[in-house]
2 protein chains.
Amino acid sequence: MVTQERTARARRGSLSQDRIVDAAMRLLDGEGESALTFSRLGHELRVTPTAIYRHFSSRDEIIAAIADHLDELSLEGYEPTDEWRADLTDLAVRAWETATGHPAAAAAAMFTVTSGIHELRAVDSVLRALHAAGLRDDVAVSYYRAFVSLFLGVSAAHAVRLSQQGRTLQTAEWTQVYRPTDPTRYPYAEAAKEQLRFTDPSEVYRMHIDMYLDSVAQAPRAGDDRV
Amino acid sequence: MVTQERTARARRGSLSQDRIVDAAMRLLDGEGESALTFSRLGHELRVTPTAIYRHFSSRDEIIAAIADHLDELSLEGYEPTDEWRADLTDLAVRAWETATGHPAAAAAAMFTVTSGIHELRAVDSVLRALHAAGLRDDVAVSYYRAFVSLFLGVSAAHAVRLSQQGRTLQTAEWTQVYRPTDPTRYPYAEAAKEQLRFTDPSEVYRMHIDMYLDSVAQAPRAGDDRV
DNA sequence: ACCTGAACACCGTTCAAGT
DNA sequence: ACCTGAACACCGTTCAAGT
């Protein structure tokens with residue numbers, strides 16, 4: 001029913017980095033990582049696939065732009081409060097929500113260091129909260145690194161799992177089901193079998209947040225006798 | 001100088017799942033994830049690329065076999081002691097060492113749930129250590145889940161970074177370098193700029209291990225008044 | 001039963017040609 | 001300056017044919 005579909009030539013300013021990233025996000029959210037091709041992008045944008053090369057010099061550059069876009073999404077509306085625990089929790093939860101809200105995009109891009117402005121804002125926000133918690137200098141930097149590797153690592157890993165779930169029909173949810181030939185050799189796994197089947201990953205994430213906050217609370221501070 | 005290279009037909013039993021996985025590991029370790037193709041595998045094994053389909057029905061199945069192989073590598077020589085802290089540290093460090101020793105393989109496969117025997121052994125080993133620490137039932141299972149998502153997530157994220165490093169010529173090591181247009185808007189990041197450049201990722205991993213062990217030490221136990 | 005080789009539908013990327 | 005379309009070298013995967 002679509003009439004002049006492949007007829008008209010796309011007008012001059014029809015393409016832009018933003019429009020391409022939007023289309024990429026649409027494809028990733030809708031059909032997963034394998035849908036992110038020049039062909040599909042071109043179709044989505046009603047443009048010849050190679051036209052995209054005018055705005056991105058490679059597929060990897062598109063993914064870097066997606067990473068920047070995810071950084072922006074994550075921080076949207078974030079405002080620091082006067083409570084460092086609340087701020088760090090907020091920032092950690094934002095990473096998780098971005099990963100679960102856009103799993104394929106996060107799986108493809110979340111490991112990419114963009115060195116973009118939004119990433120810088122995130123760095124500054126975490127450091128600010130750690131400063132408010134009383135951490136200084138190398139202690140603050142170490143805890144910043146721990147924050148990033150913990151919450152980005154776990155969130156990204158979760159995103160990968162979620163986006164793989166689409167391709168391979170997993171048995172059920174998150175559950176690993178083991179069928180050992182000789183269960184007595186793995187008594188602890190055998191005993192925990194039932195409980196292992198049902199765990200909410202976001203509850204585990206909550207544990208990580210609590211662990212991290214407790215650790216920050218106990219970190220050495222200026223004037224401490226601990227080194 | 002290699003004489004009869006493409007001449008002879010490969011003899012009957014020349015191929016096997018193990019030989020294919022070995023060749024895949026060689027390619028991944030040597031040249032990164034993009035080297036893992038049927039074409040390269042065939043060349044490495046002196047066999048027609050499609051011959052591999054007799055032993056694996058798809059590329060994803062090869063990656064699953066690599067995941068199983070990594071599980072095996074990780075646990076090689078592991079023996080539980082009577083000290084749960086040492087055991088959990090050992091298991092966590094093994095995940096890290098597998099990731100850093102085989103970054104491309106880990107990046108490709110570490111997120112895959114194999115449900116294989118080695119994975120089951122790992123599950124049992126972690127649960128056993130947590131049992132020795134005094135954790136029971138859902139508390140033990142929760143801490144098992146936290147262990148896996150933390151150390152596998154962080155290790156796999158590190159592997160992805162290491163294996164990307166090969167493709168994109170990063171500025172230097174692990175360092176993110178930000179050039180904000182207006183540094184005063186990001187005072188904490190600006191102040192930490194120098195320290196941010198040099199952080200040993202394995203030191204950060206050590207922090208995660210300590211955080212986790214501390215948390216296990218404080219977890220509720222049977223007979224506790226805490227719930 | 002296992003390996004070969006042609007074929008298929010798809011990739012990302014290049015480049016000269018159109019407007 | 002930006003979009004098009006043909007072309008290139010490569011993918012994973014299939015399938016009939018050899019041994």
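Residue numbering restarts at 1 for every chain, and letters A, B, ... go by the order of the sequence lines.
Within residues 23-34 of chain B, no residue has a heavy atom under 4.0 Å from DNA chain C.
Each of E31(A), R40(A), E44(A) was evaluated against R26(A); a single residue qualifies, E44(A), per the side-chain contact (heavy atoms from CB on, under 4.5 Å) test.
Remark: the H208(A) side chain and the S149(B) side chain contain an N/O donor-acceptor pair separated by less than 3.5 Å. Under 3.5 Å, the side chains of D200(A) and S202(A) contain a donor-acceptor pair of N or O atoms. Residues T199(A) and R145(B) have side chains that bring a donor and an acceptor to within less than 3.5 angstrom of each other.
The aromatic rings of F151(B) and Y205(B) sit perpendicular, their planes meeting at an angle over 60°, well past the 30° parallel limit. The aromatic rings of F111(B) and F111(A) sit tilted, their planes meeting at an angle between 30° and 60°.
When the P atom of dG12(D) is taken as reference, atom CG of D60(B) falls 11 Å away, rounded to whole Å. Going from atom CZ of R59(B) over to atom C1' of dC10(C) covers 15 Å, rounded to whole Å. Between the CD atom of E61(A) and the C1' atom of dT13(C) there is a distance of 13 Å, rounded to whole Å. Taking atom NE2 of H43(B) as the reference point, atom C1' of dC10(D) lies 16 Å away to the nearest angstrom. If you measure from atom CD1 of I63(A) to atom P of dG12(C), you get 10 Å, rounded to the nearest angstrom. The CZ atom of R46(A) sits 16 Å away from the C1' atom of dC3(D) (whole-angstrom rounding). Whole-Å rounding puts the I62(A) CD1 to dT13(C) C1' distance at 12 Å. Atom CZ in R19(B) sits about 15 Å away from atom P in dC2(C), given to the nearest Å.
Heavy-atom nearest nucleotides on DNA chain D were determined for L36(B) and for A51(A), and the one closer to the 5' end corresponds to A51(A). Ranked by how close their nearest DNA chain C nucleotide is to the 5' end, R54(A) and F38(A) are led by F38(A).
The listed nucleotides are dC3(C), dT13(C), dT13(D); the one nearest the side chain of S58(B) is dT13(D). In this structure, the nucleotide among dT13(C), dC11(C), dT4(C) sitting nearest to the side chain of V47(B) is dT4(C). For S14(B), taking side-chain heavy atoms from C-beta onward, the closest of the listed nucleotides dC11(D), dG5(D), dC3(C) is dC3(C).
For the OP1/OP2 pair of dC2(D) and a distance below 4.0 Å, the side-chain nitrogens and oxygens of R12(A) include no atom meeting the criterion. Residue T37(A) has no polar side-chain atom (N or O) positioned under 4.0 Å from OP1 or OP2 of dC10(C).
A donor-acceptor contact under 3.5 Å is formed by the side chain of R9(B) with the base of dC3(C). In this model, a side-chain donor or acceptor of T50(A) finds a partner on the base of dG5(D) within 3.5 Å.
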(message) Please evaluate residues S215(B) and Y143(B) with respect to the criterion side-chain hydrogen bond (donor to acceptor under 3.5 Å, both in side chains), reporting the C-alpha separation (whole Å), side-chain torsions for both, the decisive distance (0.1 Å), and the verdict.
(response) CA-CA 9 Å; S215(B) 185; Y143(B) 272 88; 2.9 Å; yes
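D87(B) places no side-chain N or O within 3.5 Å of a backbone atom of P80(B) that could act as its donor or acceptor partner.
The base-pairing partner of dA1(D), taking Watson-Crick or G-U wobble contacts with both distances under 3.5 Å, is dT19(C). Here dA7(C) sits opposite dT13(D) as a Watson-Crick or G-U wobble pair (both hydrogen-bonding atom distances under 3.5 Å).
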